[in-house]
Number of protein chains: 2
Amino acid sequence: MERIVRKYRGKGFKLTPQRIAILKFLEGNTNHPTADDIYTEIKKKYPTVSFATVYNTVQALRDRGELLEITIDPERKHFDPNPSAHHHIMCTGCGKIGDVFFDYSESLGLPEEVTREFAVTGNHIDFYGICSSCRAKTS
Amino acid sequence: MERIVRKYRGKGFKLTPQRIAILKFLEGNTNHPTADDIYTEIKKKYPTVSFATVYNTVQALRDRGELLEITIDPERKHFDPNPSAHHHIMCTGCGKIGDVFFDYSESLGLPEEVTREFAVTGNHIDFYGICSSCRAKTS
DNA sequence: TACTATAATAGAATTATTCCAAGATAGTAA
DNA sequence: TTACTATCTTGGAATAATTCTATTATAGTA
Ligand SMILES: [Mn+2]
Ligand SMILES: [Mn+2]
Ligand SMILES: [Zn+2]
Ligand SMILES: [Zn+2]
């Protein structure tokens with residue numbers, strides 16, 4: 001928590017109790033929670049917290065480059081407190097999202113007809129698969 | 001249009017006038033339209049068409065493997081009548097989505113800690129960039 | 001031509017997300 | 001400390017995308 005305070009102090013980002021709770025929940029969290037996941041968690045300690053606060057906070061973090069919005073799930077957005085470039089894999093059985101830490105950039109050269117039209121700035125890979133617990137169920 | 005009839009005849013997929021209009025709009029369309037784009041177009045010829053029909057039709061096509069749902073745009077789904085494996089690039093300026101026809105699968109080996117947990121079934125790459133017309137504007 | 005499974009429609013419902021106005025408060029500077 | 005104010009929180013309304021439902025219509029088939 002001291003690290004959190006140190007990280008955001010003096011950056012025009014006010015550290016309110018709700019925000020600190022959100023930051024603590026997100027810190028090191030590799031579950032890629034949805035807005036609802038965050039809301040449900042923070043509500044345990046701050047029963048009057050609102051969705052607006054959750055969305056405002058994740059937006060503020062996103063704008064500061066501290067958090068990523070993940071689009072791999074067509075149903076809803078997931079948030080990732082690890083802003084370093086990495087990729088994701090989602091289980092098509094249960095929706096679980098895992099991290100893929102590998103830089104494929106070298107292999108992702110684009111065809112000339114694409115680079116003629118687009119100046120490429122980034123990439124993100126969505127992998128799909130079946131997680132071990134889902135495999136256990138169906139087999 | 002004859003090709004469309006031939007393709008779907010006798011497969012439990014009724015070819016209504018609205019569906020034919022949707023199929024014609026989608027056929028060869030590389031613009032990755034949204035549900036609203038489809039609705040707006042079909043409404044020109046069938047003013048009473050409903051969103052339910054648009055969604056029902058794209059779902060039926062998706063279930064038959066004739067159409068893909070694209071998640072590259074965090075705001076809304078886009079649909080792609082080309083179901084063959086390919087990737088996409090979106091302009092972060094105007095939202096335009098282009099196709100990337102290149103099979104990167106050979107280069108997309110996953111780290112062992114991922115394959116231990118997930119049996120991989122597929123992948124899709126989202127590229128980001130700036131399209132030529134957006135570059136013309138800002139420069 | 002008649003039948004029936006499937007589709008189309010209007011509109012309500014649901015869900016995710018954003019907006020808004022009013023009241024609080026974190027951080028700062030005196 | 002204290003006071004100030006820019007920023008934040010909140011409940012609830014608003015928006016937007018998508019799905020559901022009940023009713024009516026019709027494509028495909030016998
Ligand atoms: Mn991640
Ligand atoms: Mn495409
Ligand atoms: Zn699973
Ligand atoms: Zn553009």
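Computed from heavy atoms alone, side chains included, the values below leave out hydrogens, waters and symmetry copies. The chains referred to below are lettered A, B, ... by the order of the sequence lines, with proteins before strands, and numbering in each begins at 1.
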Fill in the blank from the handout: Its 5'-most and 3'-most nucleotides having an atom under 4.0 Å from a non-hydrogen atom of chain A, DNA chain D is contacted over D:dA6 to D:dG11
Exercise for the section: Measure from NE2 on A:H78 to C1' on C:dA16 and round the result to the nearest Å. Expected result: 12 Å
Exercise for the section: Looking at every strand, decide which applies to A:S50 at a 4.0 Å heavy-atom threshold: base, sugar-phosphate, or nothing. Expected result: base
Exercise for the section: Check every strand shown and say whether A:T48 touches a base, only sugar-phosphate, or nothing at a heavy-atom separation below 4.0 Å. Expected result: sugar-phosphate
Handout entry: A:H32 vs A:M90 side-chain heavy atoms within contact, under 4.5 Å
Key = no
Practice task
Can you tell me the distance, in whole Å, between the CZ atom of A:R62 and the P atom of C:dT18?
Solution key: 7 Å
Fill in the blank from the handout: Nucleotide by nucleotide, nucleotides 20-28 of chain C touches protein heavy atoms under 4.0 Å in the pattern (B base, S sugar-phosphate only, - none) -----BBS-
Problem - Distance in angstrom units between A:K77 NZ and C:dT15 C1', rounded - result: 13 Å
Exercise for the section: Please state how far atom CD in B:Q59 lies from atom P in C:dA7, giving the value in whole angstrom units. Expected result: 12 Å
Problem - Non-hydrogen side-chain atoms of A:T53 and A:Y46 separated by less than 4.5 Å - result: no
Practice task
Would you check if there is a donor-acceptor pair between the side chains of B:H78 and B:H88 at a distance under 3.5 Å?
Solution key: no
Problem - Flag side-chain contact, heavy atom, 4.5 Å: A:C131 against B:E117 - result: yes
